[in-house]
Amino acid sequence: MKPLAGLKVLDLSTLLPGPYATMLLADMGAEVLRVESPSRPDLVREMKPSVGRQSASFAYLNRGKRSIALNLKHEQARRIVHALIEEFDIVVEQFRPGVMARLGLDYEALAQINPKLIYCAITGFGQHGSRAHAAGHDINYLALSGISSASNGHLSSVQIADVAGGSQPAVMAILAAVIQRQTTGEGQFIDIAMSDQCVALQPLMMPVSLNSDADFVGDDHFLSGGGIYDYYETSDGYHIAVGSLEPQFRYRLLERLDQLALNDKPDSEVKGVLQALFKQQTRSHWVSELAGIDACVEPVLTPQEVPKELHHQERALFVQGDEGDIQVRPTPLLSGMSHDSLSPAPDLGADTQSVLAEIGINEKDYQALKASGLFD
């Protein structure tokens with residue numbers, strides 16, 4: 001049995017933060033039902049490349065879930081969701097504040113039907129505050145949190161705010177609420193603001209800024225390029241990552257590079273030498289030269305190289321889905337979970353009729369609802 005077997009999650013989210021959170025829950029055994037718009041499909045479905053009928057990204061984010069197509073603005077949609085809520089434990093949504101209330105699907109309305117309901121709303125700026133209704137993307141939350149400044153304003157293709165500031169805190173909060181419900185018998189509303197979480201993601205920098213006059217901007221901080229902790233370009237245009245912060249790691253690196261005379265020199269002087277040195281040879285040369293020194297030095301791999309990395313292969317980090325696509329396996333693995341193939345992501349509305357049958361809607365009523373445009 002998987003850890004979350006028996007938990008039922010109604011997922012009204014799209015794109016990344018909510019779907020990634022509910023993917024983690026599904027990986028751990030929760031039953032996740034996506035409620036999708038039939039006229040405005042999740043944009044991730046359209047991303048390239050496609051594998052079979054789905055985009056590779058959609059197949060990963062929505063593996064192990066079911067899908068029901070509902071026009072939430074239709075007068076009958078509220079009745080359907082209210083009926084479903086009687087049997088569900090958790091709702092995850094990421095609409096702007098006020099949207100769900102206008103649809104009659106906000107926490108207050110649904111908690112009257114199911115007082116044990118745990119309702120998690122993931123938004124950019126939270127449920128209140130002057131920016132609560134503002135649009136935003138990952139880059140905006142990183143900018144307002146100070147992370148962009150501390151990282152020299154460099155962009156990352158990894159959605160830090162969406163995943164580390166949205167999805168993962170949402171899962172932690174949901175599971176904490178499930179445990180608390182075991183004691184109180186009551187559900188609750190969870191307000192996940194990605195902008196809040198990005199501020200909290202800085203346990204080394206933010207406390208210093210809050211409690212002193214220090215302000216880490218540009219290359220000043222040792223974690224953002226102010227020291228030898230950095231990426232170094234090689235002669236073939238690749239990079240080597242040097243994380244040799246501690247004295248023993250610094251010593252081992254300089255010893256291997258025949259630069260021990262620099263060990264007592266300031267980082268600014270050492271870094272210039274390292275930059276010139278790494279630039280003289282290819283990445284593969286340095287991987288071979290620095291192998292086995294245990295100094296926190298690694299090659300910067302491209303995404304295409306990552307599956308070929310021996311350590312990842314040894315940990316069986318990648319699995320093949322039922323559609324033939326390659327996915328990252330569930331991480332972490334708990335008791336009852338395995339590396340085995342995962343059930344595929346659902347087609348849009350693939351489970352609509354079967355789900356409605358589970359709440360007592362027969363074939364005749366289903367056809368009438370279909371004719372009314374509820375699923376269009």
Side-chain angles (χ1 to χ4, degrees), residues 48-49 56-57 60 138-139 142 147-160 163-164 201 204-205 216-320 325-329 331-332 339:
K48 302 297 182 184
S57 295
Y60 174 48
D138 207 85
I139 191 173
L142 295 179
I147 289 177
S148 294
S149 175
S151 58
N152 304 323
H154 292 163
L155 287 172
S156 170
S157 60
V158 175
Q159 290 70 43
I160 298 171
V163 176
L201 280 174
L204 296 182
M205 291 188 179
F216 303 117
V217 179
D219 297 332
D220 291 344
H221 195 264
F222 71 93
L223 291 177
S224 59
I228 65 170
Y229 185 95
D230 209 341
Y231 301 116
Y232 294 82
E233 188 175 4
T234 56
S235 65
D236 51 355
Y238 290 102
H239 289 81
I240 294 291
V242 173
S244 309
L245 288 175
E246 293 83 348
Q248 68 272 26
F249 298 144
R250 177 190 174 100
Y251 183 94
R252 291 169 191 165
L253 173 63
L254 294 177
E255 181 182 40
R256 179 61 62 91
L257 294 175
D258 196 22
Q259 299 291 331
L260 265 183
L262 295 173
N263 195 41
D264 295 326
K265 302 295 183 181
D267 269 10
S268 57
E269 184 174 339
V270 176
K271 187 169 186 176
V273 174
L274 293 182
Q275 288 172 328
L277 196 60
F278 280 114
K279 189 69 172 175
Q280 294 175 10
Q281 300 287 347
T282 66
R283 185 186 64 175
S284 61
H285 168 86
W286 291 118
V287 169
S288 176
E289 182 71 16
L290 300 172
I293 65 168
D294 193 31
C296 305
V297 179
E298 301 290 355
V300 176
L301 301 180
T302 67
Q304 290 74 24
E305 292 173 317
V306 171
K308 302 172 186 176
E309 162 64 28
L310 177 60
H311 180 74
H312 297 156
Q313 294 177 356
E314 292 169 339
R315 291 187 57 78
L317 186 57
F318 301 94
V319 295
Q320 187 170 37
D325 55 315
I326 306 300
Q327 299 182 9
V328 181
R329 67 158 167 79
T331 60
H339 298 181

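Sparse packing is recorded around OH of Y231, with 12 or fewer heavy atoms of other residues, nucleotides or ligands lying under 6.0 Å away. A 6.0 Å sphere centred on CD1 of I139 holds no more than 12 heavy atoms belonging to other residues, nucleotides or ligands. Dense packing is recorded around CD of E255, with more than 12 heavy atoms of other residues, nucleotides or ligands lying under 6.0 Å away. Few gaps surround CG on D236; more than 12 heavy atoms of other groups in view lie less than 6.0 Å from it.
With sequence neighbours excluded, the residues satisfying salt bridge (Lys or Arg N to Asp or Glu O under 4.0 Å) with D230 are K271. With sequence neighbours excluded, no residue satisfies salt bridge (Lys or Arg N to Asp or Glu O under 4.0 Å) with E246.
Between L317 and E309 there is no side-chain heavy-atom pair separated by less than 4.5 Å. A heavy-atom distance below 4.5 Å is not found between the side chains of D138 and V163. At least one side-chain heavy atom of W286 sits less than 4.5 Å from a side-chain heavy atom of L257. With a 4.5 Å cut-off on side-chain heavy atoms, Y229 and V242 do not count as touching. Residues V297 and F249 form no side-chain contact, since every pair of their non-hydrogen atoms from C-beta on lies 4.5 Å or further apart.
The two residues L262 and L254 make their nearest non-hydrogen contact at C-CD1, 4.0 Å. Scanning both residues, L290 and R256, for their nearest heavy atoms gives CD2-CG, 3.7 Å. In terms of heavy-atom proximity, A295 sits nearest to S244 at O-OG, 2.7 Å.
Side-chain atoms of H312 never come within 3.5 Å of backbone atoms of F318 as a donor-acceptor pair (strictly under, hydrogens ignored). Under the 3.5 Å distance criterion, the side-chain polar atoms of R283 are left unmatched by any main-chain donor or acceptor of P299. The closest donor-acceptor contact from the side chain of E305 to the backbone of T302 lies under 3.5 Å. Side chain of T282 to backbone of S235: no donor-acceptor contact under 3.5 angstrom is found. In this structure, R329 contributes its side chain and R315 its backbone to a donor-acceptor pair below 3.5 Å.
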Identify each donor-acceptor pair in which a side-chain atom of residues 273-281 lies under 3.5 Å from a protein atom, sequence neighbours left out, and give them as a table.
residue : atom : partner : partner atom : Å
K279    : NZ   : E233    : OE1          : 3.4
K279    : NZ   : E233    : OE2          : 3.2

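From L253, atom CG reaches atom CG of L260 across 9.5 Å, with rounding to the nearest 0.5 Å.
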